[in-house]
Amino acid sequence: MLDERLLAAGPRPLAVAFSGGGDSLALLLAAEAWARRHGRELLALTVDHRLQPQSRAWTEACAATAARLGVRFEALAWEGEKPAQGLPAAARAARHRLLAAAARRAGARVILIGHTADDRLEVKAMRQAGSTTPDPRVWSPSPSWPEGRGVFLLRPLIGVRRAAIRRWLSARGEGWIDDPANDDPRFARARARRDLGPDAAPIGAAAPAPLELARHCRAGPSDGLSIARTALRQASLETAHRLVALAAVCAGGGDRTPGRGALDRVLALLRGDADVTATLAGARIEADGREVRFLREAGETARGGLSPVALRADEPAVWDGRFELTATRDGLEARALAGLSRRLPDAQRRALAALPAPARPGLPVVVDASGAVSCPLLADEGGVIVRSLVQDRLLAAAGLVEREPG
Ligand SMILES: Nc1ncnc2c1ncn2[C@@H]1O[C@H](COP(=O)(O)OP(=O)(O)OP(=O)(O)O)[C@@H](O)[C@H]1O
């Protein structure tokens, strides 16, 4: 599986999410052997959730294991207040955020994760009982946005039962950490684990088919996505659903998938004949007879979207979940164009007029300390490099990036 998904050579390190438990220890051992064969560097990442008194000692044990294997190691910590409700989901989100940010800092594009066939069976049981815990897939984009942009998760052990992994480790004389939370019946996960028999049949096919229709989505002239309306009408309902949901989330820049009801309503309109203007997941969706366009809904400012972001020299920053901006000097701030277009230089105002009117207010501008406004999409001046993240995000979410990016 590592051969299939990873580049055999290259300067980027491979990250391994290493909790010190048996699954991720087996993963680290296997990855280390593979990386050594291919001359790839590994980076073991351990998250201390600061939820258990022993967690510091666990992190130290992880550091010692990495040192024994000659693997670079970084400890990460989930600091700050912990929620009283929904702790497992909050811990998962924090863990993915920390892992993705650390992987990116190191230049890694893939994080290996130690989920097993047992995890899939447990999640299946939990989902049948109403949980929204995501089903771990063999390969998926990092769920953390924007920290995980361009980062993928690979779960090489997803087809292997936990008992087999433990036997393999014991035969090698390896020991591992057992987190008592795994057996704590207050957590749905622990109950699912307890109820899972050793003979439960593993679940097949860990990956949904890639959403090929997303290849037909074009990036707009400055932002957003568009697709031929006939393509949406001719696709199966399931495919059209997936496409509209993903395109709306990517064009909207957020990380919440739209609710089923709202999605059904918009999709019914899009598959009909009349022109459409609708809002979904922070995106404005417009359709005429020919085309469906997904743009950022600039009216979302009222709900805290499109907030200003301070830029620091040479540190890429993401604004509104859609654009990565890299400034060459300090003291600049990225904001929405809405309300500022009159302050653009004349040449930029003229260039702006060529863009679709509904797209304009949600575009980024950069404001300097003197109050001067410039849109980096319209001019190279202003000392800011800008890159839209929307289309790459869609392709990754659609399952169309199937290997480690170069
Ligand atoms: N504290 C941690 N530090 C680093 N990696 C971790 C940590 N906890 C879990 N992981 C990674 O996630 C994998 C799955 O761990 P575990 O089963 O404990 O999490 P989970 O609760 O099933 O995760 P999820 O909620 O994402 O399904 C581990 O094998 C490891 O690769």
Side-chain angles (χ1 to χ4, degrees), residues 14-32 42-52 54-63 65-66 71 73-79 82 86-103 106 108 110-127 131-144 148 151-162 165-166 169 176-184 186-194 196 203 206:
L14 272 176
V16 181
F18 179 44
S19 65
D23 305 338
S24 61
L25 173 60
L27 176 71
L28 183 64
L29 290 165
E32 193 278 327
L42 273 195
L43 169 64
L45 299 170
T46 298
V47 177
D48 181 345
H49 295 95
R50 301 264 201 264
L51 292 171
Q52 311 259 7
Q54 319 89 307
S55 66
R56 275 169 216 267
W58 290 344
T59 303
E60 279 165 23
C62 289
T65 303
V71 170
F73 176 81
E74 192 178 337
L76 308 163
W78 184 25
E79 309 282 4
K82 308 294 190 282
L87 189 60
R92 178 185 319 115
R95 176 163 74 244
H96 280 298
R97 210 166 41 241
L98 289 162
L99 290 170
V110 174
I111 305 174
L112 305 180
I113 308 262
H115 282 112
T116 64
D118 290 54
D119 289 302
R120 286 202 75 207
L121 289 162
E122 290 158 16
V123 166
K124 185 177 170 198
M126 288 161 69
R127 290 176 70 90
S131 160
T132 54
T133 304
D135 180 15
R137 305 288 187 182
V138 65
W139 173 260
S140 53
S142 162
S144 191
V151 173
F152 294 83
L153 309 182
L154 175 58
R155 299 179 171 94
L157 302 178
I158 199 71
V160 187
R161 291 298 302 266
R162 191 172 288 134
I165 293 173
R166 305 285 150 115
L169 286 173
W176 59 89
I177 297 166
D178 271 316
D179 179 350
N182 288 337
D183 299 321
D184 184 339
R186 282 174 303 170
F187 294 115
R189 186 49 167 274
R191 294 195 299 275
R193 187 170 291 193
R194 185 191 59 196
L196 191 68
I203 311 169

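Ligands are counted one by one from 1 in listed order, and the atoms in each one are counted from 1 as well. All values reported here derive from a predicted model rather than from experimental measurement. Heavy atoms only: backbone and side chains are in, while hydrogens, waters and symmetry mates are out.
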Under 4.0 Å from any heavy atom of H96, which atoms of ligand 1 are there? 26 (O)
Could you find the nearest protein heavy atom to atom 8 (N) of ligand 1 and give me its residue, atom name and distance? R95 CD, 3.5 Å
Considering only protein heavy atoms, which is closest to atom 18 (O) of ligand 1, and at what distance to one decimal place? N182 OD1, 4.8 Å
Within-cut-off N or O pair, H115 and ligand 1, under 3.5 Å: yes
Counting only heavy atoms on the protein side, is anything nearer than 4.0 Å to atom 23 (O) of ligand 1? yes
Atoms of ligand 1, numbered as shown, that sit under 4.0 Å from any heavy atom of F18: 3 (N), 4 (C), 5 (N)
Ligand 1 atoms in contact with G114 (distance to a heavy atom under 4.0 Å): 13 (C), 28 (C), 29 (O), 30 (C), 31 (O)
Which residue owns the protein heavy atom closest to atom 25 (O) of ligand 1, what's the atom, and how far is it? R92 NE, 2.4 Å
Taking every heavy atom of P136 against every heavy atom of D119, the minimum-distance pair comes out as CG-CB, 4.4 Å
State whether the shortest distance between N or O atoms of T46 and N or O atoms of ligand 1 falls below 3.5 angstrom. no
Please check if the side chain of R155 supplies one atom and the backbone of T116 the other of a donor-acceptor pair under 3.5 Å. no
So, D48 side chain and T59 main chain: donor-acceptor pair closer than 3.5 Å or not? no
Purely on distance, is any nitrogen or oxygen of L27 under 3.5 Å from one on ligand 1? no
Give the atom numbers and elements of ligand 1 that come within less than 4.0 Å of a heavy atom of I113. 12 (O), 13 (C), 31 (O)
Could you check which of A17, P136, A89 puts a non-hydrogen atom nearest to atom 30 (C) of ligand 1? A17
Does the residue E122 have a heavy-atom contact with ligand 1, meaning some pair of atoms that are separated by less than 4.0 Å? no
Any non-hydrogen side-chain atom of V71 less than 4.5 Å from a side-chain atom of F18? no
Might you point out which heavy atoms bring L112 and A31 nearest each other, and give the distance in Å? CD1-CB, 3.6 Å
List the closest protein heavy-atom neighbour of atom 1 (N) of ligand 1: residue, atom name, distance to the nearest 0.1 Å. V47 O, 2.8 Å
Is the shortest side-chain N to carboxylate O distance from K124 to D135 below 4.0 Å? no
For the residue pair L121 and R161, establish whether any side-chain heavy-atom pair is separated by less than 4.5 Å. yes
Distance-only, no hydrogens or angles: does the S142 side chain make a donor-acceptor pair with backbone N or O of V151 under 3.5 Å? no
Mark up the atoms of ligand 1 that fall under 4.0 Å of a heavy atom belonging to L45, in ascending order. 4 (C)
With distance as the sole test, does T46 use its side chain to make a donor-acceptor pair with the main-chain N or O of A75 at under 3.5 Å? no
Show the atoms of ligand 1 that are less than 4.0 angstrom away from any heavy atom in H49. 1 (N)
Fit a plane to each ring of W139 and F152, take the angle between them on a 0 to 90° scale, and name the class: parallel (under 30°), tilted (30 to 60°) or perpendicular (over 60°). parallel
Determine whether the side chain, the backbone, both or neither of D119 has a heavy atom under 4.0 Å from any heavy atom of ligand 1. side chain
Tell me, with the steps shown, if R95 and H49 meet side chain to side chain donor-acceptor pair (under 3.5 Å). CA-CA 8 Å; R95 176 163 74 244; H49 295 95; 3.1 Å; yes
